[in-house]
Amino acid sequence: MIVTAAHAVIEGEERSDVWIDIREGLIHEIGDGPHPSAERKFTGTLIPGFVDIHCHGGGGYYFSNLNPDLIAVAIDTHRQAGTTTQYASLVTADLDQLKAQIETLIPFVRSGELAGIHLEGPYLSRAKCGAHAPELLRAPHLDEVQSLIKRGQGTIAMVTIAPELEGALDSIAWLASQGIIAAIGHSDADADTARAAIDAGAKVVTHFTNAMAKMVGGQSMATEVLEDSEISLELINDGTHVPVDVIKVLKKNAINRTILVTDAMSAAGGNDGKYLIGELDVEVKDSIARLVSNGALAGSTLTMERAFINFINKDGVDIVNAVHASSTRAAHVFGLKNVGSISVGKKANILHFDGKKIELLTF
Ligand SMILES: [Zn+2]
C-alpha cells in the first residue's frame, strides 16, 4: 500500500509531501511529492509508533495480573493510544509473586505483543519508595538479581535499582554486561553514588526528579545525571509529576536524552475512582492517582498520546524532538533495530497526528 502525507518525521527530519510504500508490514520505500498509486492520503503528520519503556497497565488492569486476558486489555488500551512497542513494568512484590508475574508475561514477550519486562523494584530505597510497599524492598544482592533474570528467560529488559543499596553497583555492572538496561531511581543517592552507578553501566534514570533528591541545594543525583552526556532520562509528562521549570531544563540541556514514559497505573485510558497499585489503595481524581494512605503520587494515568501532545502543545517542544523522545531514543537505548523511526526496512508502525490526536494506522 502507498500512502501520502502532508508532513512526516522521517529519520529525525520533518519532511513535507512524502509518500511511503508499505509492503507486508514493513516500510519498503519513501519518496517525495505526489504518487500516482496512493491509496490513502493524510493531511497531518506521520510519525513513528510510540515506544513506552515504563508502564504498569491500563484499561483497568495491570501487567502484574496473572490472567492473560486482562494483560491483553492493558496492552490494547495503550496500543490504541499509539504505543506500538510496549514494555511491561512490575512494581515491588514478594519474590514468589514477582516470579509468577514474570512467568505470566513471558508468552507476551515471545509473541511480540510486549517488547520486554521492566522490574521497578524490589531493589529500591525505603526513603524514596513512592507507591512501592516499603516492607517488601530488598538489597540487590547479585545472586538474587541473577536468579530473577534467569526466571525471565531473556524477557527482562530493564531493572530499576537504587544505587546506594548494598550490592547495587555489582548488580548494575552485571546487568550491563548482559545487555540488560540498568536504570537508577527510587533513590536517596548523592551525586557521587549516581556517578558511580553511571560508571558501572547504568543507562536510564527512572522517572527523572520523581522519587529522588531534587535539583535544588547543590549537587544531587538529579544534577549529576543531568550533567552526564549519555544517560537517558525518563519523563512522566502529565503536568503533575514534573514541574514546568524541570521540563525547561530538560529542553535546554538534555532533550536528546529525554524519554517520555507513561508510568501508567491501571486507570490509564479509564475513569476516576478507586484502584489498587500492588497491594496499596489508590484514588484517581481528575486523572491524578494518589495513595489513599499518604497522598503520594502513585503512577500516572497517561497514555503516550497524551504525553506526546503535552510535550508539543504545552511544553512547546518541536515535533522532531517530540518524536525522538517518544520513540527514537528509547529504541536506540534498548537496541531495537526495527522500530523507533519511519525508515526503509523498519516495521510500518506509523501514527497520524493531526495536531490534536493520534490515530494508529493499520495496513
Ligand atoms: Zn516509580
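Sequence positions, counted from 1, serve as the residue numbers for this chain. Order of listing sets the numbers, starting from 1, for every ligand and every atom in it.
The Zn ion (ligand 1) is closest to atom NE2 of H207 (considering only N, O or S atoms). When the N, O or S atoms of E120 are ranked by distance to the Zn ion (ligand 1), OE2 comes first.
Side-chain polar atoms of H54 and D263 form a donor-acceptor pair below 3.5 angstrom.
With hydrogens and angles ignored, the 3.5 Å screen pairs a side-chain donor or acceptor of T258 with a backbone N or O of A254.
Counting heavy atoms from C-beta on, the side chains of K346 and I342 never come closer than 4.5 Å.
Metal site remark for the Zn ion (ligand 1): D263 contributes no N, O or S atom at a distance under 2.8 Å. Within the coordination shell of the Zn ion (ligand 1), defined by N, O or S atoms under 2.8 Å, H54 is absent.
Separation of the H241 and H207 ring centroids does not fall under the 6.0 Å cut-off.
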